[in-house]
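Both counts, for ligands and for their atoms, begin at 1 and track the order of listing.
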Amino acid sequence: MAMFFYRIGHFMTSSNIPKSILIATGNKGKIREFEQLLLPLNILLVKLDELPFIAEPEETGTTFHDNAKLKAEYYATRSGLWSMADDSGLEIDHLKGAPGVLSARYGGADASYSEKMRLVLDKLASTTESERSAQFVSVIALADPSGTVRLIAEGVCRGSIADAPRGTHGFGYDPIFLPAGFDRTFGEMNDEEKQSLSHRGKASIQFIRKMSDFTGV
Ligand code: ITT
C-alpha cells in the first residue's frame, strides 16, 4: 500500500518529541472526549478528516492492547505523524467478557447501537442484578512517525448493565452502563461527569503522565 507523508507547517514532527499528535480514530464520540481529555497536554491534536483519506485498518487483534498498537502503527506509518489510537469496549462478566474487542461489531457491523444494546439486554434477560457486572476498558497506544509504539496507557471502569437504555448523552453503550456506585447510566451523565469516572478518562490521565515523563516537559 502506498504510504504518504504529510509534514507541513505545524504538523512537522521529530522522531523524538511529538509537536502534534494524530487522534487516529474514526469514532466521533472518542474524538469529542479526547479533545477534552488531552487539553492538559497543550499539544496540537490532528484529526483524520484533516488528512487525505486513509482507509480504516482491519482490527485483527484479540486483545485491546493488540488492536490499539495495530491502529497506532498503521496510522503513523501512513500519515508520517505521531499517532495515538484507542481500542476500547465493554466486557460483561456473565457473557465471559463479550462483547469485548468485538464491541463495535457486536450483532454485525451494520447493527445500530439500539440493536446492539437490545442484544446485550436480551442475553442478560434471565440474570439477577448481581450477575450484571461489567466493565469498560480503554487502551491507548502512541506510535512515533516510523510506526514504533512508544507508549501504552490503559483505564478500566467497573460497573453493571442497567435493565433498559437510559439517557441520550455519550455514545455507543453509554445508555446501558451504570458506573459502580451510581444509579445513573453514562447516558444520563454529562461529558465532564462521565470523564471523571470513565475508562477513557483514566487511560488519558495515565497517558498524559507518561507523556510528561517521556518528553521531559
Ligand atoms: P476506531 O477503531 O476508529 O477508534 P471504533 O468505534 O471502531 O473506532 P473500537 O474498535 O475501539 O473503536 O470499538 C470500541 C467500541 O466499544 C465502540 O464503538 C463502542 O461501541 C464501545 N465503547 C468504547 N468506549 C465506549 C464509551 O466510552 N461509551 C460507550 N461505548 C464505548
Original post:
For the atom pair CZ (Phe186) and CG (Asp191), what is the distance rounded to the nearest 0.5 Å?
Top reply: 11.5 Å
Original post:
Any non-hydrogen atom of Arg105 lying under 4.0 Å from ligand 1?
Top reply: no
Original post:
Which atoms of ligand 1 are found less than 4.0 Å from any heavy atom of Lys194?
Top reply: 26 (C), 27 (O), 28 (N)
Original post:
What residue and atom, counting heavy atoms only, is the protein's closest point to atom 12 (O) of ligand 1, and at what distance?
Top reply: Lys30 NZ, 2.8 Å
Original post:
Same hydrophobic cluster for Val139 and Ile205, using side-chain heavy-atom links shorter than 4.5 Å among ILVMFWY?
Top reply: no
Subject >> From CA spacing to verdict: salt bridge (charged side-chain N to carboxylate O under 4.0 Å, His left out), Lys202, Glu154 >> reply: CA-CA 7 Å; Lys202 291 175 184 167; Glu154 62 181 281; over 6 Å; no
Subject >> Tyr75 vs Ile54, side chain to side chain contact (heavy atoms under 4.5 Å, CB included): CA-CA, chis, key distance, verdict >> reply: CA-CA 8 Å; Tyr75 284 106; Ile54 302 174; 3.9 Å; yes
Subject >> Residue and atom name of the nearest protein heavy atom (relative to atom 10 (O) of ligand 1), distance in Å to one decimal >> reply: Glu59 OE1, 3.0 Å
Original post:
Do you know the tightest heavy-atom contact between Glu91 and Val137?
Top reply: OE1-CG2, 3.6 Å
**OP:** Under 4.0 Å from a heavy atom of Asp86: give me the atoms of ligand 1 that qualify, with their elements.
**Re:** 4 (O), 11 (O)
Original post:
Non-hydrogen atoms of Glu56 versus ligand 1: any pair closer than 4.0 Å?
Top reply: no
Original post:
How far is atom 24 (N) of ligand 1 from its nearest protein heavy atom, and which residue and atom is that?
Top reply: Arg200 NH2, 2.8 Å
Original post:
So between Ala68, Gly26, Ala104, Pro57, whose heavy atom ends up nearest atom 7 (O) of ligand 1?
Top reply: Ala104
Original post:
Among side-chain atoms of His169 and Glu193, is any donor-acceptor pair under 3.5 angstrom?
Top reply: no
Original post:
Of all the non-hydrogen atoms in the protein, which one sits nearest to atom 21 (C) of ligand 1, and at what distance?
Top reply: Tyr173 CD1, 3.9 Å
**OP:** Walk me through it: do Thr25 and Asn27 pass the test side-chain hydrogen bond (donor to acceptor under 3.5 Å, both in side chains)?
**Re:** CA-CA 5 Å; Thr25 175; Asn27 181 318; 5.4 Å; no
**OP:** Write out the residue and atom name of the closest protein heavy atom to atom 8 (O) of ligand 1, then the distance separating them to 0.1 Å.
**Re:** Asn27 CB, 3.6 Å
**OP:** Using only heavy-atom distances, determine whether the side chains of Arg132 and Thr127 contain a donor-acceptor pair under 3.5 Å.
**Re:** yes
Subject >> Contact check, Asp87 vs ligand 1, heavy-atom distance below 4.0 Å >> reply: yes
Subject >> Cation-pi, Tyr74 ring and Arg78 (6.0 angstrom, 45 degrees) >> reply: yes
Original post:
Where is the nearest protein heavy atom to atom 28 (N) of ligand 1: which residue, which atom, and how far?
Top reply: Asp174 OD1, 2.6 Å
Original post:
Heavy-atom contact under 4.0 Å between Tyr113 and ligand 1?
Top reply: yes
Original post:
Of all the atoms in ligand 1, which lie at a distance below 4.0 Å from a heavy atom belonging to Ser103?
Top reply: 15 (C), 16 (O)
Original post:
Are a donor atom and an acceptor atom from the side chains of Asp144 and Ser146 found within less than 3.5 Å of each other?
Top reply: yes
Original post:
Among Gly172, Ser198, Ser88, which one has a heavy atom closest to atom 15 (C) of ligand 1?
Top reply: Ser88
Original post:
Within less than 4.0 angstrom of ligand 1, does Gly89 place any heavy atom?
Top reply: yes
Original post:
Which of the listed options, Tyr75, Phe186, Phe136, Phe177, holds the heavy atom that is closest to atom 22 (N) of ligand 1?
Top reply: Phe136
**OP:** Looking only at protein heavy atoms, identify the closest one to atom 2 (O) of ligand 1 and say how far it is in Å.
**Re:** Lys71 NZ, 2.7 Å
Original post:
In terms of residue, atom name and distance, what is the protein heavy atom nearest to atom 4 (O) of ligand 1?
Top reply: Thr25 OG1, 2.6 Å
Original post:
Considering only heavy atoms of His199, which atoms of ligand 1 have at least one such atom less than 4.0 Å away?
Top reply: 24 (N), 25 (C), 26 (C), 27 (O)
Subject >> side-chain hydrogen bond (donor to acceptor under 3.5 Å, both in side chains), paired with Lys71, selected from Asp66, Asp86, Asp87 >> reply: Asp87
Original post:
Where the side chain of Ser204 meets the backbone of Leu37, is there a donor-acceptor pair that is under 3.5 Å apart?
Top reply: no
